[in-house]
Amino acid sequence: LHLGGIQMDSTSLMSIRVIPKSVKEETGHHALERLHHTPYRDEVRLFSWLQRGDLKKLIYELGQIGIQNITVGQMSENDLQQQKYMAVSFITLATRYAIQGGLGESNAYAYSDEFIRRIDAATTKRTVHAAIVDGAIELTNMVSRAQKDLTYSPHVRRCIAYINKNPDRKLTVAAVAAHCGLSPDYLSHLFKCELGVNLSTYMTAQKLELAKTLLWEGCAAEQVCYSLGFSSQSHFIALFKRRFGMTPREYTALLGTEK
């Protein structure tokens with residue numbers, strides 16, 4: 001790993017400790033929570049620097065978390081597979097934060113796909129850990145470059161910011177247009193011209209990305225469906241599978257968080 005001409009070892013930035021199932025079974029619920037959960041505030045602080053495109057602060061936070069150890073529950077009997085599950089969870093969150101920071105969806109998802117292919121091909125834990133660190137750094141740099149190259153019009157930037165700040169609201173094209181002070185038809189036309197995607201499609205994609213994050217955090221699929229305003233569970237499942245190639249249940253089973 002090279003940063004500004006300085007070679008760094010990813011192990012100095014990341015140390016992952018897995019709590020075996022035997023410990024889970026012998027430890028009380030509250031004690032276990034303290035034992036195997038890296039504090040949520042640490043995750044938010046780390047990803048917030050990614051979202052802001054601040055590489056120096058991101059490196060600092062990676063170092064702090066690495067010193068304290070990232071501690072997770074056991075999701076697989078296979079140690080390498082355990083690390084791969086964690087890497088998939090990481091890229092799910094990191095991609096969403098990067099998009100909220102201004103990185104274009106197509107670039108963010110293309111990088112996510114490339115990252116997952118790299119993880120799939122990994123044969124050692126060290127390779128997986130290095131990929132996670134590299135991924136955090138590269139996405140942060142991509143966000144930084146995107147923020148310096150704002151080519152969207154003020155109306156579209158305001159539209160995107162409003163959608164990204166309210167992913168759990170039942171937004172419609174008309175409601176977003178009203179917020180931007182434009183007619184629905186004009187905003188839809190402007191959005192399509194500048195981003196190459198329909199406004200309604202973009203809003204649905206944002207909801208699905210949030211749904212993916214909530215499922216990763218352990219929320220039940222039914223709860224996610226209705227809290228994000230999908231018309232029905234069957235509609236939610238169909239949209240989720242169309243976008244991610246698997247149902248919500250299949251996704252949670254992959255992560256080992258199924259309820």
Side-chain angles (χ1 to χ4, degrees), residues 1 3 8 10 12-17 33 36-73 75 83-116 118-119 128-148 160-168 205-219 224 227-228 244 251-252 254-255 257:
L1 177 61
L3 295 173
M8 300 183 68
S10 63
S12 68
L13 293 177
M14 178 169 291
S15 176
I16 300 174
R17 183 162 59 109
E33 281 196 342
H36 78 74
H37 287 290
T38 295
Y40 177 66
R41 63 179 180 277
D42 291 345
E43 293 180 7
V44 170
R45 195 163 57 240
L46 173 66
F47 285 114
S48 70
W49 296 127
L50 187 155
Q51 182 178 344
R52 297 177 191 181
D54 192 325
L55 183 58
K56 289 184 179 179
K57 294 286 180 62
L58 178 94
I59 294 297
Y60 174 78
E61 290 298 337
L62 277 172
Q64 291 302 300
I65 292 176
I67 290 170
Q68 299 165 4
N69 292 317
I70 295 175
T71 310
V72 297
M75 294 179 282
Q83 309 303 315
K84 289 186 176 185
Y85 285 152
M86 180 176 175
V88 172
S89 300
F90 156 77
I91 200 62
T92 298
L93 282 173
T95 300
R96 180 163 175 260
Y97 275 87
I99 292 171
Q100 290 178 342
L103 183 60
E105 276 196 47
S106 59
N107 289 334
Y109 295 139
Y111 184 80
S112 175
D113 291 343
E114 177 188 337
F115 177 91
I116 292 173
R118 179 179 174 185
I119 293 299
V128 174
H129 294 179
I132 293 173
V133 173
D134 285 348
I137 291 170
E138 181 57 25
L139 277 174
T140 302
N141 283 329
M142 291 170 72
V143 170
S144 179
R145 289 193 295 269
Q147 291 176 346
K148 294 174 182 176
I160 291 173
Y162 184 65
I163 293 169
N164 289 345
K165 288 178 181 177
N166 298 281
D168 56 339
Q206 291 301 100
K207 283 184 178 293
L208 289 171
E209 286 300 322
L210 178 56
K212 197 175 181 184
T213 300
L214 293 173
L215 290 170
W216 175 81
E217 292 174 347
C219 295
V224 172
S227 65
L228 294 184
F244 301 118
Y251 177 69
T252 53
L254 176 66
L255 295 177
T257 59

For this session: Could you list all the salt bridge (charged side-chain N to carboxylate O under 4.0 Å, His left out) pairs where at least one residue sits in residues 106-115, not counting sequence neighbours?
Result: none
Exercise. Under 30°, 30 to 60°, or over 60°: which ring-plane class applies to Y97 and F47, parallel, tilted or perpendicular?
Worked result: parallel
For this session: For side-chain contact (heavy atoms from CB on, under 4.5 Å), just list the numbers for I91 and L139, CA-CA rounded to whole Å, side-chain angles, deciding distance to a tenth of an Å, and then say yes or no.
Result: CA-CA 10 Å; I91 200 62; L139 277 174; 3.9 Å; yes
Exercise. Below 4.5 Å, heavy atoms only, C-beta onward: do L46 and L50 meet side chain to side chain?
Worked result: no
Exercise. To the nearest 0.5 Å, what is the distance between CZ (R52) and OG1 (T140)?
Worked result: 12.0 Å
For this session: Answer whether the closest heavy-atom distance between the side chains of F244 and L208 falls below 4.5 Å.
Result: yes
Exercise. Who are the side chain to side chain donor-acceptor pair (under 3.5 Å) partners of Y109, not counting sequence neighbours?
Worked result: E209, R243
Problem set entry | Q51 vs V143 side-chain heavy atoms within contact, under 4.5 Å | no
Seminar exercise, completed: Residues passing the side chain to side chain contact (heavy atoms under 4.5 Å, CB included) test with K57, sequence neighbours excluded, are W49, D54
Problem set entry | Spacing of S144 atom OG and L58 atom CG [to the nearest 0.5 Å] | 11.5 Å
For this session: Just jot down the side chain to side chain donor-acceptor pair (under 3.5 Å) partners of T92, sequence neighbours excluded, or say none.
Result: Y251
For this session: Can you tell me which residue pairs pass the salt bridge (charged side-chain N to carboxylate O under 4.0 Å, His left out) test with a partner in residues 85-100, sequence neighbours excluded?
Result: none
Exercise. Would you call R145-E138 a salt bridge at under 4.0 Å N-O?
Worked result: yes
Problem set entry | With sequence neighbours excluded, residues passing salt bridge (Lys or Arg N to Asp or Glu O under 4.0 Å) with R118 | D134
Problem set entry | side-chain contact (heavy atoms from CB on, under 4.5 Å) evaluation trace for Q206 with I99 | CA-CA 9 Å; Q206 291 301 100; I99 292 171; 3.9 Å; yes
Seminar exercise, completed: When rounded to the nearest 0.5 Å, the distance separating CG of N166 from OH of Y162 is 5.0 Å
